[in-house]
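Positions are given from 1, in the same order as the sequence printed here.
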Amino acid sequence: MVDLKKHLDDLRRKFADSAEFFDPRFRRVAEKIFRGGTRAAPYSGVSTFASLPYKEVNFAAPDFGDLQVAVVGIPMDLGVSNRPGSRFGPRAVRGIERIGPYHHVLDCAPAYDLRAADIGDVPFASRYRLEQCHENIEAAITKIVAAGVIPVSVGGDHSITHPILKAVGAREPVGLIHIDAHCDTGGPFDQSKFHHGGPMRNAVLDGVLDPTRTVQIGIRGPSEYLWEFSYESGMTVIHAEEISGMGIPAIIEKARRIVGDGPTYLSFDIDSLDPAFAPGTGTPEPGGLTTREALELLRGLKGINFVGGDVVEVAPQYDSTTNTAQAGAQFLFEILSLLVFSPSAQGR
């Protein structure tokens, strides 16, 4: 039996007036974050993604220094089919004041374990012309990739993923883990194919995305008839209603098997979550993932060779609670944490 008085006396001697971290695991993290007995207040300073340092980049003549990862905002929502507003997503996600810095499951602190920075937003030549915006996105991400830096983007509507993939997959087609309510493999309508319902189809047809190394998770809703391209091209589709039966561990195993060891992109649409958790999005679909399920899913992808990622479709004006922006910021942090273990990041 434990002598409680002696146990309490021992605890007091060790911890009562000590700011020391005794466990080597926790001390390793604390030594990175604490300075002079304190750490930066989450509500102070300039807001950046996940409290990363800010690095100003002139995209006309960019200098990325020694960055491994560049987080960039893409405030553009000209491709939406219903509710606009995800142009405000990057600002809302930046404004979430308490994300990280330590990831207790993956045991990392990406702002300290990676040479990463928030480099601001993609510069757009026009706020009105969708195709012009896509050209600007591709040009900016191409410069990031050419510098040997991994891009992590925050949108913006999901049409932004097409020009990103054109940049990331320019040398060889990449695999894709796509977490979403929608397959986004629809064809042209209203005289355009450049909408947020078709980026993955466009990327395959452009030769920058390998459909046989693509898995789409959380798919549901009334638009299934639009996504025959997913099946015809060889993508793997896991519908939301299959998740309970399969279980998250089985889905993780399947996704890892599909993408293998090759370069892989991760695209997380906030509408993959049930609207109970993330109502602030353009096309909410009931019956989605819980935040706990989505976190478990992403954390099971540790070690995959990720070469980029994005979080898209946060439209904060439809959510008075800020829960959607909170979720978006958390899943951005999850992507950054996964990059700590990506072979592509480790080699830079």
Side-chain angles (χ1 to χ4, degrees), residues 45-65 67-80 84-97 99 110-111 114-147 149-168 194 196 199 265-270 280-282 308-317 322 324-326 328-329 331-333 335-336 339:
V46 176
S47 295
T48 61
F49 291 118
S51 299
L52 290 174
Y54 174 65
K55 179 177 178 60
E56 186 174 4
V57 170
N58 175 9
F59 278 95
D63 177 8
F64 300 100
L67 290 183
Q68 294 168 287
V69 177
V71 183
V72 59
I74 307 183
M76 193 284 298
D77 63 4
L78 297 177
V80 297
S86 58
R87 67 183 63 186
F88 298 105
R91 180 172 290 182
V93 171
R94 279 189 176 105
I96 298 300
E97 73 282 354
I99 295 294
L114 293 168
R115 298 187 305 277
D118 182 339
I119 64 168
D121 292 342
V122 166
F124 291 115
S126 171
R127 74 187 71 184
Y128 303 115
R129 299 177 58 202
L130 174 60
E131 287 85 349
Q132 176 69 63
C133 289
H134 282 192
E135 291 173 10
N136 295 152
I137 295 167
E138 182 182 354
I141 302 299
T142 294
K143 291 177 179 178
I144 294 172
V145 172
V149 181
I150 295 177
V152 175
S153 306
V154 186
D157 72 61
H158 218 157
S159 74
I160 71 169
T161 302
H162 175 213
I164 294 171
L165 287 172
K166 288 175 72 176
V168 174
F194 300 111
H196 72 164
Y265 190 83
L266 174 58
S267 187
F268 189 94
D269 190 323
I270 206 70
T281 189
D310 62 49
V311 174
V312 297
E313 298 284 356
V314 173
Q317 68 274 32
T322 75
T324 308
Q326 180 80 36
F331 289 109
L332 167 71
F333 180 73
I335 294 174
L336 289 172
L339 288 177

Q) So, do Phe268 and Leu332 sit near enough that their side-chain heavy atoms are less than 4.5 Å apart? A)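 Answer no - side chains too far apart.
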Q | Heavy-atom side-chain contact between Ile141 and Val72 under 4.5 Å | A |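 Yes. Closest side-chain heavy atoms under 4.5 Å.
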Which pairs would a plain distance check flag for residues 45-64, meaning a side-chain donor or acceptor within less than 3.5 Å of a matching protein atom at least two apart in sequence or in another chain?
residue, atom, partner, partner atom, Å
Thr48, OG1, Leu52, N, 3.1
Thr48, OG1, Leu52, O, 2.5
Asn58, OD1, Ala60, N, 3.0
Asp63, OD1, Gly65, N, 3.0

Would you give the length of the straight line joining atom [atom1] of [X] to atom [atom2] of [Y], rounded to the nearest 0.5 angstrom?
X: Leu114; Y: Ile150; atom1: CG; atom2: CD1; value: 8.0 Å
X: Cys133; Y: Phe194; atom1: SG; atom2: CZ; value: 12.5 Å
X: Asp269; Y: Phe331; atom1: CG; atom2: CZ; value: 12.0 Å
X: Ile96; Y: Gln326; atom1: CD1; atom2: CD; value: 5.0 Å

Q | Name of the residue among Val71, Val69, Val152, Val154 meeting side chain to side chain contact (heavy atoms under 4.5 Å, CB included) with Ile335 | A |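 Of all the options given, the one that passes is Val152.
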**Q.** salt bridge (charged side-chain N to carboxylate O under 4.0 Å, His left out) partners of Arg129, counting only residues at least two apart
**A.**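 Arg129: no salt bridge (charged side-chain N to carboxylate O under 4.0 Å, His left out) contacts found.
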Q) Who passes salt bridge (charged side-chain N to carboxylate O under 4.0 Å, His left out) against Asp77, sequence neighbours left out? A)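 For Asp77, the residues satisfying salt bridge (charged side-chain N to carboxylate O under 4.0 Å, His left out) (neighbours in sequence not counted) are Arg87.
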Considering all heavy atoms of both residues, which atom of [X] and which atom of [Y] are nearest to each other, and what is their separation?
X: Ala70; Y: Ile119; answer: CB-CD1, 3.8 Å
X: Pro90; Y: Gly155; answer: CD-O, 3.3 Å
X: Pro316; Y: Gly89; answer: CD-N, 4.1 Å
X: Pro110; Y: Phe333; answer: CG-CE1, 3.4 Å

Q. Excluding sequence neighbours, so at least two apart, what forms side-chain hydrogen bond (donor to acceptor under 3.5 Å, both in side chains) with Ser159?
A.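 If we apply the side-chain hydrogen bond (donor to acceptor under 3.5 Å, both in side chains) test to Ser159, skipping adjacent residues, the hits are His134, Asp157.
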**Q.** Residue list, side-chain hydrogen bond (donor to acceptor under 3.5 Å, both in side chains) with Asp121, at least two apart or on another chain
**A.**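 Per chain and number, Asp121 pairs via side-chain hydrogen bond (donor to acceptor under 3.5 Å, both in side chains) with Arg94.
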(Q) Would Leu67 and Ile144 count as a side-chain contact (heavy atoms from CB on, under 4.5 Å) here? Give the steps. (A) CA-CA 10 Å; Leu67 290 183; Ile144 294 172; over 6 Å; no
Could you list the donor-acceptor pairs under 3.5 angstrom formed by side chains in residues 160-168, with sequence neighbours left out?
residue, atom, partner, partner atom, Å
Thr161, OG1, His158, NE2, 3.4
Thr161, OG1, Asp310, OD2, 2.9
His162, NE2, Asp206, OD2, 2.6
Lys166, NZ, Glu138, OE1, 3.3

Q: Check for a donor-acceptor pair, side chain of Asn136 on one end and backbone N or O of Val122 on the other, with a separation under 3.5 Å.
A: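 No; zero donor-acceptor contacts below 3.5 Å.
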Q. Is the backbone of Ile270 close enough, under 3.5 Å, to the side chain of Glu313 for a donor and an acceptor to pair up by distance?
A.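 Pair absent, no side-chain N/O of Glu313 close to backbone of Ile270.
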Q.
With a sphere of 6.0 Å drawn around CZ of Arg91, does it hold more than 12 non-hydrogen atoms of other residues, nucleotides or ligands?
A.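 Counting neighbours around CZ of Arg91, 12 or fewer heavy atoms of other residues, nucleotides or ligands fall under 6.0 Å, so no.
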Q. Under the side-chain contact (heavy atoms from CB on, under 4.5 Å) criterion, do Phe88 and Val314 qualify, and how do the steps go?
A. CA-CA 8 Å; Phe88 298 105; Val314 173; over 6 Å; no
